[in-house]
Protein chains: 2
Amino acid sequence: MPRSSTRQHIVEVASDLFYRNGYNRTGINEVIAESGIAKATLYNHFRSKDEICIAYLQYKHEVFVKDIKSYCDARPADGRQVLAIFDFLGAFFQDRDFNGCWCIKTVAEIPREDERIRKEIQKQKNQLIDFIESLLMDIKDVGERRNTARQVYLLYESAVSESHLHQADWPITSAKAIASKIIG
Amino acid sequence: MPRSSTRQHIVEVASDLFYRNGYNRTGINEVIAESGIAKATLYNHFRSKDEICIAYLQYKHEVFVKDIKSYCDARPADGRQVLAIFDFLGAFFQDRDFNGCWCIKTVAEIPREDERIRKEIQKQKNQLIDFIESLLMDIKDVGERRNTARQVYLLYESAVSESHLHQADWPITSAKAIASKIIG
DNA sequence: GACAAAGTAGACAGATTTGTCTACTTTGTC
DNA sequence: GACAAAGTAGACAAATCTGTCTACTTTGTC
């Protein structure tokens with residue numbers, strides 16, 4: 001296996017485990033056992049477990065952005081295109097691998113002082129707000145558009161966390177209904 | 001110290017540590033060191049660390065319910081009384097001990113299979129929805145009232161998580177603005 | 001086929017974890 | 001003051017964890 005795909009393989013296996021079972025509850029030994037690679041190989045690619053955590057967050061985000069973008073792009077670019085994010089989430093919720101938001105999960109597990117991971121997560125969330133804003137180009141006023149994007153973002157985030165917590169999809173439909181009202 | 005207050009003392013110390021530093025990252029040894037009690041005493045009151053976790057969640061919820069109720073009760077019972085929950089959160093956010101939602105934090109740390117803790121958290125959240133509903137008695141239709149309570153709940157939850165994540169208060173004001181629009 | 005890069009297997013150090021247990025001391029009540 | 005309940009101090013078992021290291025094997029390229 002070429003060097004780059006070994007690294008990618010580790011990230012994908014670690015991502016599945018971290019997301020499913022939690023970062024602190026997943027040991028390095030579990031990652032290498034599941035990957036089928038040697039421990040020395042893992043530490044040849046990553047300096048520490050923390051570095052794998054960063055790679056995990058980036059990988060999940062990368063896939064997420066790609067998927068949600070292509071999902072929304074398939075919808076007509078009318079004023080209601082942004083609502084597609086809730087339908088995307090609805091499909092994600094049905095997936096048996098759905099386990100809530102990896103950012104929220106991770107930030108809950110790391111010490112408060114860990115600025116590196118917290119900044120990465122804030123960056124990702126800001127990119128999500130930017131993406132939502134890009135779907136709201138019908139709103140011409142820049143300030144109002146940013147404001148609306150933030151509101152829709154809040155609803156989306158809530159829908160993710162709460163559908164996971166309650167193990168039900170009413171938070172998704174409910175959040176979508178509010179968003180629908182907001183964008184008029 | 002009488003038996004009941006020893007137990008309560010342990011719960012309070014453990015709650016502070018769990019909430020501030022995380023459940024998994026807080027060891028039993030830290031709890032007893034901070035409490036100034038002996039390990040055998042702790043295990044005389046609690047069967048396991050998991051049991052302390054349940055007691056922690058219940059204690060936080062108990063205090064939270066008492067505080068938010070008395071805060072909201074001080075407002076006039078007009079149709080907009082429910083918005084007080086966002087002001088309550090605003091004050092909580094200013095508090096240096098604010099560290100997001102203990103339920104979400106805890107659910108992120110425990111294994112998926114741990115039904116006991118998950119059920120406790122769902123119970124607490126349903127009580128919060130009930131409380132919000134009790135502030136919406138102006139809405140006469142039962143179904144619409146429940147629906148609105150859920151929507152306000154989603155906004156509140158989002159405001160808690162996101163103000164913590166972004167370390168900013170715009171999620172609180174933004175969520176309140178949406179709630180204001182919803183209740184008309 | 002030589003040679004370097006990459007990967008393997010797993011022992012090991014050193015630290016941490018929860019929970020048990022023993023032997024002792026304090027406290028409150030009769 | 002006797003006696004039981006409650007608490008203390010901390011050693012200990014048994015299991016975890018991350019990260020390092022050694023000695024060996026495979027793989028790809030010239």
Side-chain angles (χ1 to χ4, degrees), chain A residues 1-57 105-106 108-117 120, chain B residues 1-57 105-106 108-117 120:
Chain A
M1 206 184 294
R3 191 171 166 77
S4 70
S5 60
T6 298
R7 192 193 139 96
Q8 184 59 21
H9 178 59
I10 296 169
V11 171
E12 285 174 21
V13 169
S15 291
D16 282 352
L17 292 170
F18 290 169
Y19 183 59
R20 186 170 351 122
N21 303 328
Y23 175 67
N24 284 327
R25 298 178 45 84
T26 303
I28 287 294
N29 290 324
E30 208 182 333
V31 175
I32 62 169
E34 193 83 5
S35 306
I37 60 150
K39 191 180 274 196
T41 305
L42 184 142
Y43 280 102
N44 195 33
H45 285 276
F46 298 94
R47 200 183 304 262
S48 67
K49 196 187 170 191
D50 258 31
E51 281 213 347
I52 307 177
C53 184
I54 298 274
Y56 150 61
L57 292 173
K105 283 168 69 73
T106 305
E109 292 204 65
I110 57 162
R112 259 210 287 208
E113 312 79 46
D114 196 329
E115 282 301 316
R116 186 141 165 257
I117 288 176
E120 173 62 34
Chain B
M1 205 183 295
R3 192 172 166 78
S4 70
S5 60
T6 298
R7 192 194 141 97
Q8 184 58 20
H9 179 60
I10 296 168
V11 171
E12 286 174 20
V13 169
S15 291
D16 282 353
L17 293 170
F18 289 169
Y19 183 59
R20 187 173 346 125
N21 303 329
Y23 175 66
N24 284 328
R25 296 177 46 82
T26 304
I28 287 294
N29 292 324
E30 206 182 335
V31 174
I32 62 168
E34 194 84 7
S35 307
I37 60 150
K39 191 179 272 196
T41 304
L42 185 143
Y43 279 102
N44 195 33
H45 284 276
F46 298 95
R47 202 183 301 263
S48 67
K49 196 188 173 192
D50 259 29
E51 281 214 348
I52 308 179
C53 184
I54 297 276
Y56 149 61
L57 293 171
K105 283 169 69 71
T106 305
E109 292 203 64
I110 59 163
R112 257 209 289 207
E113 311 80 44
D114 196 330
E115 281 302 315
R116 188 143 166 256
I117 289 176
E120 173 63 34

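A note on names: the letters A, B, ... follow the listed sequences, proteins ahead of strands, and every chain is numbered from 1. Just so it is clear, the model here is predicted, and its values are computed rather than measured.
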**Q** Enumerate the residue pairs fulfilling salt bridge (charged side-chain N to carboxylate O under 4.0 Å, His left out) with a member in residues 34-57 of chain B, sequence neighbours excluded, ordered by first and then second residue.
**A**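 As it turns out, the salt bridge (charged side-chain N to carboxylate O under 4.0 Å, His left out) pairs with a partner in residues 34-57 of chain B, which skip direct neighbours, are B:R47-B:E51.
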**Q** Look up atom CZ in A:R7 and atom OG1 in A:T41, then write down how far apart they are to the nearest 0.5 Å.
**A**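 Between atom CZ of A:R7 and atom OG1 of A:T41 there are 14.0 Å.
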**Q** Distance check: side-chain N/O of B:H45 vs OP1/OP2 of D:dG7, anything under 4.0 Å?
**A**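 True: B:H45 side-chain N/O within range (under 4.0 Å) of D:dG7 OP1/OP2.
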**Q** For residues 11-21 of chain B, which residue pairs pass the side chain to side chain donor-acceptor pair (under 3.5 Å) check, not counting sequence neighbours?
**A**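 Qualifying pairs: B:Q8-B:E12.
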**Q** Which nucleotide in the list C:dG7, C:dT8, D:dG7 gets nearest to the side chain of B:N44?
**A**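 Out of C:dG7, C:dT8, D:dG7, the nucleotide with an atom closest to B:N44's side chain is D:dG7.
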**Q** Reading nucleotides 11-21 of chain D 5' to 3', which nucleotides get B (base under 4.0 Å from a protein heavy atom), which S (sugar-phosphate only), which -?
**A** -------BBBB
**Q** Please list every stem that involves DNA chain C, where a stem is a run of 3 or more consecutive Watson-Crick or G-U wobble pairs with both pairing distances under 3.5 Å.
**A**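 So the stems come out as C:1-30 with D:1-30.
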**Q** Please tell me if the side chains of A:L42 and A:V31 come closer than 4.5 Å, counting only heavy atoms from C-beta onward.
**A**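 In short, these two side chains touch, coming nearer than 4.5 Å.
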**Q** Tell me which residues in residues 10-20 of chain A put a heavy atom below 4.0 Å from DNA chain D, sorted by number, or none.
**A**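 Residues of residues 10-20 of chain A under 4.0 Å from DNA chain D: none.
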**Q** At their closest point, which heavy atom of B:I117 faces which heavy atom of B:C53, and how far apart are they?
**A**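 Closest pair (atom of B:I117, atom of B:C53, distance): CD1-SG, 3.7 Å.
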**Q** Do you know which two heavy atoms are closest between A:R25 and B:I110, and how far apart they sit?
**A**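 Answer, listing the atom of A:R25 first, then B:I110: CD-C, 4.4 Å.
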**Q** I'd like to check the salt bridge (Lys or Arg N to Asp or Glu O under 4.0 Å) partners of B:E109; sequence neighbours left out, ordered by chain and number.
**A**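 Counting only residues at least two positions away or on another chain, B:E109 forms no salt bridge (Lys or Arg N to Asp or Glu O under 4.0 Å).
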**Q** Between C:dT18 atom C1' and B:I32 atom CD1, what is the distance in whole Å?
**A**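 Going from B:I32 (CD1) to C:dT18 (C1'), I get 11 Å.
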**Q** Could you give the distance from CG (A:N24) to NZ (A:K105), rounded to the nearest 0.5 Å?
**A**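 Spacing of CG (A:N24) from NZ (A:K105) equals 11.0 Å.
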**Q** Does B:T6 put a side-chain nitrogen or oxygen below 4.0 Å from OP1 or OP2 of D:dG7?
**A**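 Yes.
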**Q** Which residues pass the ring pair (Phe, Tyr, Trp, His ring centres under 6.0 Å) test with B:F18, sequence neighbours left out?
**A**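 For B:F18 the ring pair (Phe, Tyr, Trp, His ring centres under 6.0 Å) partners, ignoring immediate neighbours, are B:Y23, B:Y56.
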**Q** With respect to the phosphate group of D:dA6, does any side-chain polar atom (N or O) of B:T41 fall under 4.0 Å of OP1 or OP2?
**A**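 For D:dA6, OP1/OP2 do not have a side-chain N/O of B:T41 under 4.0 Å.
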**Q** Minimum heavy-atom separation for B:T6 and B:H45, please, with both atom names.
**A**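 Taking B:T6 first and B:H45 second, the nearest heavy atoms are CG2-NE2, 3.7 Å.
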**Q** Could you tell me whether the side chain of B:V13 reaches within less than 4.5 Å of the side chain of B:I10, counting heavy atoms only?
**A**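 SC-SC contact between B:I10 and B:V13 ruled out.
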